[in-house]
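Both backbone and side-chain heavy atoms feed into the values below; hydrogens, waters and symmetry mates do not. All chains are named by letter (A, B, ...) in the order of the sequence lines, taking the proteins before the strands, and each is independently numbered beginning at 1.
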2 protein chains.
Amino acid sequence: MDKPQFDSELGASPVVRTESICRNCDRRFDSLCGVLNCDELDILSEMMEHQFFEAKDTIIYEEDEAKNVYNIAEGILRLTKLLPDGRRLVTGFLYPGDFVGLAFHDNYSYSVEAVTEVKVCRFPRLKLEALLKEIPKLESKLLGMMSNELKEAQDQMMLLGRKSPKERLASFLLNISQRKIEKSAGPARDKLLDKPNNSFELPMSRMDISDYLGLTIETVSRTLTTFTKNGIISTEGRKKINILNREKLEDIADGDLA
Amino acid sequence: MDKPQFDSELGASPVVRTESICRNCDRRFDSLCGVLNCDELDILSEMMEHQFFEAKDTIIYEEDEAKNVYNIAEGILRLTKLLPDGRRLVTGFLYPGDFVGLAFHDNYSYSVEAVTEVKVCRFPRLKLEALLKEIPKLESKLLGMMSNELKEAQDQMMLLGRKSPKERLASFLLNISQRKIEKSAGPARDKLLDKPNNSFELPMSRMDISDYLGLTIETVSRTLTTFTKNGIISTEGRKKINILNREKLEDIADGDLA
DNA sequence: TTCTTTTTTTGATTTTAATCAAGGTTAAGC
DNA sequence: GCTTAACCTTGATTAAAATCAAAAAAAGAA
C-alpha cells in the first residue's frame, strides 16, 4: 500500500509517463493549471509542448497569425508594440504563471520577447479554446486573470498619462519588488502578494524600463541616480536593487511628494 | 394565427410582461445580451433594474464595494481614476452596449460618471456571477469583450507612452468617429466597424479629452486649432467635428508625420 | 432678454524631460 | 587574458508641453 498514487501516476507504460508532464510540473498549482484535476491536466499535457528560448529571442511577432497560446513556466518575457517609425512601448513584463496569446483575435497585437532564458508551455490556440468550452472552470479562471490584467493596464495608463518620471520609477520598483520568481511548489497562490522583497534583480535593461515607463533611458538612469543619492535605494552593479526606504518610495509612487 | 409569438410573449399575465423587459429591449441583440435566448433574457430581466442618470452624475465611486455591474443602454459614460493630489486620468469612454463593473475584485478600481444623460441596466454582481456559471456562453462572450478591452487598453498605453499630442488627438478623433451611438435594433454586431462618420459630436468636454489623452486642456485646444488651420478638420461650435482629410489624420495618428 | 458662470481659446513664460554628445562600465567574443 | 561591442551614466543644450494669465465664447440662471 505504499505510495499507490505515485505508482499509478508513473506506472509502467511510457504513455502514462507522457501524459503526466503537467501533473509533475512545478507550477501545476499555479496559474491556469491550478484549477484542473489530474485527468484534466492529462488532456492539457497532450496538446502542450515545451519550448525554450534564449534571452532576446522573439516568441511572438506582432501581427502574426495567433496560432498558439503560451503559459510561462520559467523566465521573464516582455510584451512590446512598435510604431511605424520605430518608437517602442513595452506594455508589460510576464512572469512564471502568466498566460499570453489568447486574444480572441486572429492576429497577435503585440510581440513577445524573452528577457531572460525562458521555458514556456505552448498550446495550439484552437485546441485550448475548444477545451475552454468543455471545462467551464478554466474559462472562469481565465476571466479572473484577464480581469486582473485589465486592472493592471488601467494602473499603467494612469502611470503613463499622469505620473512624473520619479513617480513612474518608484511605482515600477515597488511593483517589481513584489513579484515572485522562485519556482517553489505549493498550493495555488497569486504571483503577487508575497511579502515584498527589499532586494531584487531587475532582469530587464534600462531600455526596456524606459520603453515600459514612457521615458528615455537617460531619464531612467538619472532618476535612479537621484533615488540613490537620496538614500531611497542602493544598487549593486546594474541589475541589483536594494530598497532602503520603502515608505518614502511608496509616497513618491502615490504622488504624495515630488 | 396573427402574431402568435407576440401574444405568447406579452400574454395576459402582468408577471410575464415584467419578465419581458429584456426581450423588448432595443439592444437585445447587442452586447452581452446578444448571446441569450428568450428564456435566458427573462432570467436576466428578473435581476435587472433600469437606472437613469443626468450628465455629471456619478454611477460608481472608485474604491466602493463592487455590488453591481452595469450594461449601458443609452448615453455615454467615462471611467476615471484619481491620484491623491487630484490629478485625473480618464481611462475610457463607455458607449451603449458596453459593460462595466465586473472586476472580480471586491471593490471598483475606477469611478464611472455620466457624460450625457444615461440609461443603464443594473445587475447585482453576485447574481450575475452566479448566472455566468450557469450559462457558459455568457462567460465566453464576456471573455471576448474583455479581450477587446485589453487590446484597446494596450493601444491606449502606446498612445500615452509614446505618441505626440498631435498623434494622440488624431487617434482620438478617428476612434470617436468610428463609434456608433444610434440605438437602431438589429442583429448582433460590434460597436465599432460601421463605416466611420466624417461628421460627429464630441459629447465630452475638453477637460475630459485632455485627461483621456494625458495632456492639458490648453494643448488639446491648440492642437485642434492647428488641425483646423491645416484643413484637416473643421468645427461647428465646440462639440461638432467634421473630418475634412481623413487620410492625413490617419497618417498623423500612426506617426507617419508630425 | 441680460447677467453670471463656466468652458474654451489664445498668448507669454517657465519648466521639464528629450535630445545631443561624451565618457565610463560591463559583458561578450576572440 | 585582451579587445571589442553593448550598455549605462553624466553633462550641456534644446525643444516641447506645462503653467500662468487673460480674453473670448458659450451655456446657464435670473
Side-chain angles (χ1 to χ4, degrees), chain A residues 54-56 78 83 85-90 113 115-117 159-170 172 201-230 233-241 252 255 257-258, chain B residues 54-56 78 83 85-90 115-117 159-170 201-230 233-241 252 255 257-258:
Chain A
E54 297 294 314
K56 297 183 189 174
R78 62 172 176 255
L83 287 176
D85 66 359
R87 275 173 289 172
R88 190 180 80 144
L89 189 82
V90 173
E113 297 148 4
V115 171
T116 64
E117 274 190 21
L159 180 148
L160 293 168
R162 285 295 179 232
K163 286 189 176 180
S164 73
K166 279 178 193 167
E167 290 163 359
R168 294 182 202 198
L169 253 301
F172 173 72
E201 298 278 322
L202 286 183
M204 65 294 286
S205 69
R206 297 291 187 268
M207 178 73 93
D208 285 341
I209 297 171
S210 60
D211 284 344
Y212 180 59
L213 299 180
L215 302 168
T216 60
I217 59 171
E218 292 96 329
T219 298
V220 168
S221 182
R222 277 187 249 270
T223 305
L224 289 177
T225 302
T226 304
F227 284 169
T228 303
K229 284 182 179 159
N230 293 346
I233 63 168
S234 68
T235 57
E236 298 172 38
R238 286 170 171 177
K239 304 275 184 188
K240 183 83 182 291
I241 300 277
I252 295 173
L257 20 124
Chain B
E54 296 296 312
K56 298 184 188 173
R78 61 174 177 253
L83 287 176
D85 66 358
R87 276 174 287 172
R88 190 181 79 146
L89 189 83
V90 172
V115 171
T116 63
E117 275 190 20
L159 179 147
L160 293 169
R162 284 294 178 234
K163 286 190 176 179
S164 72
K166 277 178 194 168
E167 289 163 359
R168 294 181 201 198
L169 253 302
E201 299 278 323
L202 286 183
M204 65 292 288
S205 70
R206 297 289 187 268
M207 178 72 93
D208 285 341
I209 296 172
S210 61
D211 284 344
Y212 181 59
L213 299 179
L215 302 168
T216 59
I217 58 170
E218 292 95 330
T219 299
V220 168
S221 181
R222 278 187 249 269
T223 305
L224 289 177
T225 302
T226 305
F227 284 170
T228 302
K229 283 181 180 160
N230 294 346
I233 63 167
S234 68
T235 56
E236 298 173 38
R238 288 169 168 179
K239 304 276 183 188
K240 183 85 180 290
I241 300 278
I252 294 174
L257 19 123

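Residue order along DNA chain C, read from the 5' end via each residue's closest nucleotide, puts Gly237(B) first among Gly237(B) and Gly214(A). Nearest-nucleotide positions on DNA chain D for Lys229(A) and Arg162(A) put Lys229(A) closer to the 5' end.
In this structure, Arg222(A) places its CZ atom 9 Å from C1' of dA18(C), rounding to the nearest Å. Taking atom CD of Glu236(B) as the reference point, atom P of dA26(D) lies 12 Å away to the nearest angstrom. Between the CD atom of Glu167(B) and the P atom of dA16(D) there is a distance of 12 Å, rounded to whole Å. What separates CE of Met207(B) from C1' of dT19(D) is a distance of 14 Å, to the nearest Å. The distance from atom CZ of Arg168(B) to atom P of dA16(D) is 14 Å, rounded to the nearest whole Å. Here dC7(D) presents its P atom at 16 Å from CG of Leu202(A), a figure rounded to the nearest Å. A straight line from CD1 of Ile217(B) to P of dA21(D) spans 15 Å, rounded to a whole angstrom. Taking atom CG on Leu213(A) and atom P on dA18(C), their separation rounds to 11 Å, with Å as the unit.
Atom CG of Leu160(A) sits about 9.0 Å away from atom CG of Leu89(B), to the nearest 0.5 Å.
An OP1 or OP2 oxygen of dA18(D) is reached within less than 4.0 angstrom by a side-chain nitrogen or oxygen of Thr216(B). Look at Ser164(B) and you won't find any side-chain N or O under 4.0 angstrom from OP1 or OP2 of dA16(D).
Closest approach to the Glu218(A) side chain among dA17(D), dT19(C), dT10(C) is made by dT19(C) (side chain taken as heavy atoms from C-beta onward). With distances taken from any side-chain atom of Lys239(A) to the nucleotides dT9(C), dT10(D), dC8(D), the minimum falls on dC8(D). Here dA18(D) is the nucleotide among dC20(C), dA18(D), dA18(C) with the atom lying nearest to any side-chain atom of Leu215(B). Considering only side-chain atoms of Ser221(A), the nucleotide from dT10(D), dT8(C), dT19(D) that sits closest is dT10(D).
Contacts of Lys56(B) with the nucleic acid, taken as non-hydrogen atoms under 4.0 Å apart, involve only primed sugar atoms and P, OP1 or OP2. Counting non-hydrogen atoms under 4.0 angstrom, Thr219(A) reaches the backbone sugars and phosphates but no base. The residue Leu224(A) sits apart from the nucleic acid: no heavy atom pair falls under 4.0 Å.
A donor-acceptor contact closer than 3.5 angstrom links the side chains of Thr216(A) and Thr219(A).
Counting atom types as modelled, Arg206(B) pairs no side-chain N or O with a base atom of dT10(C) as donor and acceptor under 3.5 Å. Residue-to-nucleotide contacts include a donor-acceptor pair under 3.5 Å from the side chain of Arg238(B) to the base of dA25(D).
With respect to the salt-bridge test (charged N to carboxylate O, under 4.0 angstrom), the residues Arg162(B) and Asp85(A) do not qualify. Salt bridge Lys240(A)/Glu201(A): absent, no basic N to carboxylate O contact under 4.0 Å. Between Asp211(A) and Arg87(A) no salt bridge is recorded (no basic side-chain N to carboxylate O distance below 4.0 Å).
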- Item | side-chain hydrogen bond (donor to acceptor under 3.5 Å, both in side chains) evaluation trace for Thr228(B) with Thr225(B) | CA-CA 5 Å; Thr228(B) 302; Thr225(B) 302; 6.0 Å; no
